[in-house]
Amino acid sequence: MVTFDTRIRFLKGVGEARAKTLEKRGVYSVGDLLRTYPRAYEDWNKVVPLRDAAVGDTVCLRATVIERVQVARIAGGKLLCKTTIADDSGTLSLVFFNNKYVKDQLAENTEYLFFGKISLNKYGARQMLSPRFEKSLEKQRIRPVYPASPSLPSKTTERLVENALREVAGQVPEVLPAYLVQKYRLMGLEQALSNAHFPPDEAGLAAAKRRLIFEELFLLQMGLLGARSRSGGRTAPAVTVDATEEFFASLPFTPTGAQRRAVAEAVADMKRTKPMNRLLQGDVGSGKTAVAAALMYTAAKNGLQSVLMAPTEVLAAQHYRTLKAFFGDAVTVELLTGSVTAANKRKIRERLLSGETTVAVGTHAVIQNDVAFHALGLVITDEQHRFGVNQRAALASKGRDPHTLVMSATPIPRTLAMMIYGDLDISVLDELPKGRKPIRTYHVTSAYRERIYAFLKKHLDAGEQAYVVCPLVEEGDNESDLVPATEYYDYLKTNHFGGYTLGLLHGRMKPKEKDDVMRRFYAGEIRLLVSTVVIEVGVDVPNATVMVIENADRFGLSQLHQLRGRIGRGAAESFCILLSDAQNDEAKERFAIMCETTDGFAIAKKDLEMRGPGDFFGSRQHGLPDLRVANLMTDTRILYEAQKSAKEIVDGDVTLTRAEAERLHAETERLFARISFN
Ligand code: ADP
Ligand code: MG
């Protein structure tokens with residue numbers, strides 16, 4: 001018997017190879033397959049008479065092939081197949097390029113469904129180019145479109161889903177408690193799944209979606225409330241000594257009002273035994289690291305250890321150096337990343353366990369996986385763009401419940417944050433350090449390239465440093481107008497910047513090589529750094545004043561802003577040059593916004609408008625499980641209902657049957673298992 005939990009390999013139509021393809025996409029079971037929703041639908045149900053098929057429309061036709069498919073070879077050895085179809089209202093020609101199967105698939109005097117776009121041929125007659133077609137008239141319905149690849153076309157997925165639905169019919173267990181299904185008039189799960197893949201009509205699809213969105217948001221809330229209530233009874237080590245002033249006095253600069261306020265808010269949290277759960281939001285360059293350092297210093301003065309986790313080795317190494325400089329001999333700091341040798345790692349771990357070392361800086365993976373502490377009091381996560389629901393879980397599972405602070409430059413509307421996280425507190429750094437000169441941003445075309453090189457040289461000669469950012473180094477990316485960073489680096493070195501020390505940084509380099517390059521850039525030895533977006537987050541070299549972004553149209557607005565945040569960190573005036581020949585309006589608008597403002601919140605708002613919330617709040621941004629149907633920005637009403645429902649269950653205001661409770665628990669775990677740590 002096939003159930004939701006049956007391995008995908010054992011579903012009818014799935015062989016060894018296909019199972020592998022599916023598993024690569026995260027589809028391990030029949031249930032996973034059914035939970036892989038279509039990304040769009042095609043209405044094969046609305047059949048249009050040939051006479052009414054208008055040029056430019058994408059339509060479904062039901063017609064008979066009235067002549068044998070003719071095959072011809074055209075320029076470049078391509079295959080061209082042609083035929084004509086007819087219904088009671090008229091005729092139409094079909095043209096297929098490079099499809100050698102068409103000849104055998106389309107038989108004369110046979111009726112098919114055709115789906116495609118109507119266009120005009122060069123003689124002004126209507127035609128349909130490379131339509132998809134079906135012989136089975138059963139396909140005359142609204143059809144799902146799945147993410148496809150050559151090894152797994154949408155049509156194949158459709159057939160598998162059809163098989164799966166047939167197999168599990170009548171035995172799909174309901175996930176939601178019965179009273180909720182009634183109260184909110186939700187469609188049952190089995191019906192909802194069936195409708196989501198094969199909607200009977202618009203209304204049937206809408207009702208199915210509402211149910212699936214409710215379910216997803218409800219399970220999300222159950223998980224979050226559960227995590228919270230689990231940590232609710234826990235206590236964190238409270239600090240008694242506030243060492244903030246002592247730390248600030250040792251800094252080479254005066255903290256901003258916003259930094260003082262954020263530190264004070266966090267220290268107030270840490271004086272309590274309820275674990276702090278705070279988000280520190282601040283635009284690039286607002287000085288989040290110093291806030292983190294002040295808190296770790298205070299923790300240290302209270303005999304507590306801290307960890308600072310960064311998303312990349314480059315950033316972890318930078319934080320390590322910064323903290324060493326801030327703390328001097330007052331607090332011991334160690335760096336723990338993947339490139340530390342095993343022997344050294346062991347020694348560092350021993351010193352953390354004994355309490356000899358007070359602060360550990362490292363990448364998430366390393367710290368989460370292998371480290372135990374003597375007296376861990378504070379966990380800080382930098383630039384994760386995630387709010388760390390999971391960190392707490394990971395660290396708490398080691399039997400600790402430290403204070404936590406998550407630092408991010410990605411703004412999220414406060415109302416939304418509160419709705420999602422409930423008791424998460426937020427501090428905002430809404431003030432840049434004094435003395436910063438605004439960054440000047442320009443958009444130029446490649447016609448200005450020579451002048452830009454001259455401009456770069458002028459600044460390098462004045463003792464400043466610069467970045468040149470390229471979009472990618474992916475091999476096999478065959479877009480010829482993009483010069484991979486490596487080649488571009490060689491080119492600049494031999495042709496324009498022979499007399500200067502250049503560095504190259506990209507994601508394919510070994511951590512040690514990256515670290516070496518960054519070290520030399522920090523030290524001022526490397527003057528011009530050619531880099532891919534690995535430079536995007538957090539890197540802080542105040543002496544770098546010019547950034548040239550190649551193929552700037554390749555980057556999203558928020559990404560451009562993050563990149564630009566690498567300059568304008570010192571006292572000298574900084575320049576960001578967006579190089580692009582792109583003509584499309586959207587790219588131009590992005591450049592215009594970049595040239596007009598350096599305000600990260602304004603830019604995020606624009607980005608949100610231009611891209612829509614789906615992209616902007618892609619789940620990777622906030623450390624929640626991947627949401628498949630729900631959208632946190634637009635499904636607010638359902639989110640509210642789901643939140644209320646979850647709360648009444650967690651608070652014990654309603655009683656579930658044992659089966660309901662178990663099922664709910666299992667599904668919540670399943671949803672949260674979709675969070676990945678990196
Ligand atoms: P971000 O918020 O982007 O992480 P950083 O913490 O890297 O910013 O700080 C950016 C730069 O500003 C660093 O070089 C840091 O030393 C400096 N800085 C931080 N706070 C101040 C301040 N109050 N006055 C002057 N410079 C500061
Ligand atoms: Mg930072």
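Both ligands and their constituent atoms are indexed starting at 1 by order of listing. Position 1 is the first residue of the sequence, and the numbers go up from there.
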Side chain, backbone, both or neither: which part of [X] comes within less than 4.0 Å of ligand 1 when only heavy atoms are counted?
X	result
Ser286	both
Met407	neither
Lys288	both
Thr254	backbone
Asp540	side chain

Exercise. Strictly under 4.0 Å, does any heavy atom of Arg436 approach an atom of ligand 1?
Worked result: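 Yes; Arg436 lies near enough to ligand 1 that a heavy-atom distance drops under 4.0 Å.
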
Exercise. Under 4.0 angstrom from ligand 1, any heavy atom of Gly285?
Worked result: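 Yes.
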
Answer yes if the side chains of [X] and [Y] hold a donor-acceptor pair under 3.5 Å, and no otherwise.
X	Y	answer
Thr404	Arg278	no
Ser339	Glu313	yes
Thr289	Thr322	no

Please list, in number order, the atoms of ligand 1 under 4.0 Å from a heavy atom of [X].
X	value
Thr289	4 (O), 5 (P), 6 (O), 7 (O)
Gly287	1 (P), 2 (O), 5 (P), 6 (O), 8 (O), 9 (O), 19 (C)
Pro255	23 (N)
Thr256	23 (N)
Gln259	19 (C), 20 (N), 22 (C), 23 (N)

Exercise. How are the rings of Tyr453 and His496 set to each other: parallel, tilted or perpendicular (split at 30° and 60°)?
Worked result: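 Geometry flag for His496 against Tyr453: tilted rings.
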
Run the side-chain donor-acceptor check on residues 592-602: report pairs under 3.5 Å with partners two or more places apart or on a different chain.
residue : atom : partner : partner atom : Å
Thr597  : OG1  : Asp599  : N            : 2.9
Asp599  : OD1  : Phe601  : N            : 2.9
Asp599  : OD1  : Ala602  : N            : 3.3

Problem set entry | Residue list, salt bridge (Lys or Arg N to Asp or Glu O under 4.0 Å) with Asp540, at least two apart or on another chain |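 With sequence neighbours excluded, Asp540 shows a salt bridge (Lys or Arg N to Asp or Glu O under 4.0 Å) to Arg569, given in chain and number order.
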
Exercise. Between Val284 and ligand 1, does any nitrogen or oxygen pair lie at a separation below 3.5 Å?
Worked result: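 Between Val284 and ligand 1, no N or O pair is found under 3.5 Å apart.
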
For this session: Select the closest option to atom 24 (N) of ligand 1 among Pro433, Gly600, Pro542, judged by heavy-atom distance.
Result: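 Heavy atom nearest to atom 24 (N) of ligand 1 belongs to Pro433.
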
Exercise. Is Lys324 close enough and on-axis enough to Phe326, meaning under 6.0 Å and within 45°, for cation-pi?
Worked result: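 Geometry flag: not set, cation outside 6.0 Å or 45°.
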
For this session: Using the ring of Tyr500 (Phe, Tyr or Trp, six-membered ring only), decide whether Lys457 places NZ or CZ under 6.0 Å from its centre and within 45 degrees of its axis.
Result: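 Judged by the rule (NZ or CZ under 6.0 Å from the ring centre, within 45° of its axis), Lys457 is not positioned above Tyr500.
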
Problem set entry | Test item: Val359 and Thr332 side chains (from C-beta on) under 4.5 Å apart, heavy atoms |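 Answer no - side chains too far apart.
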
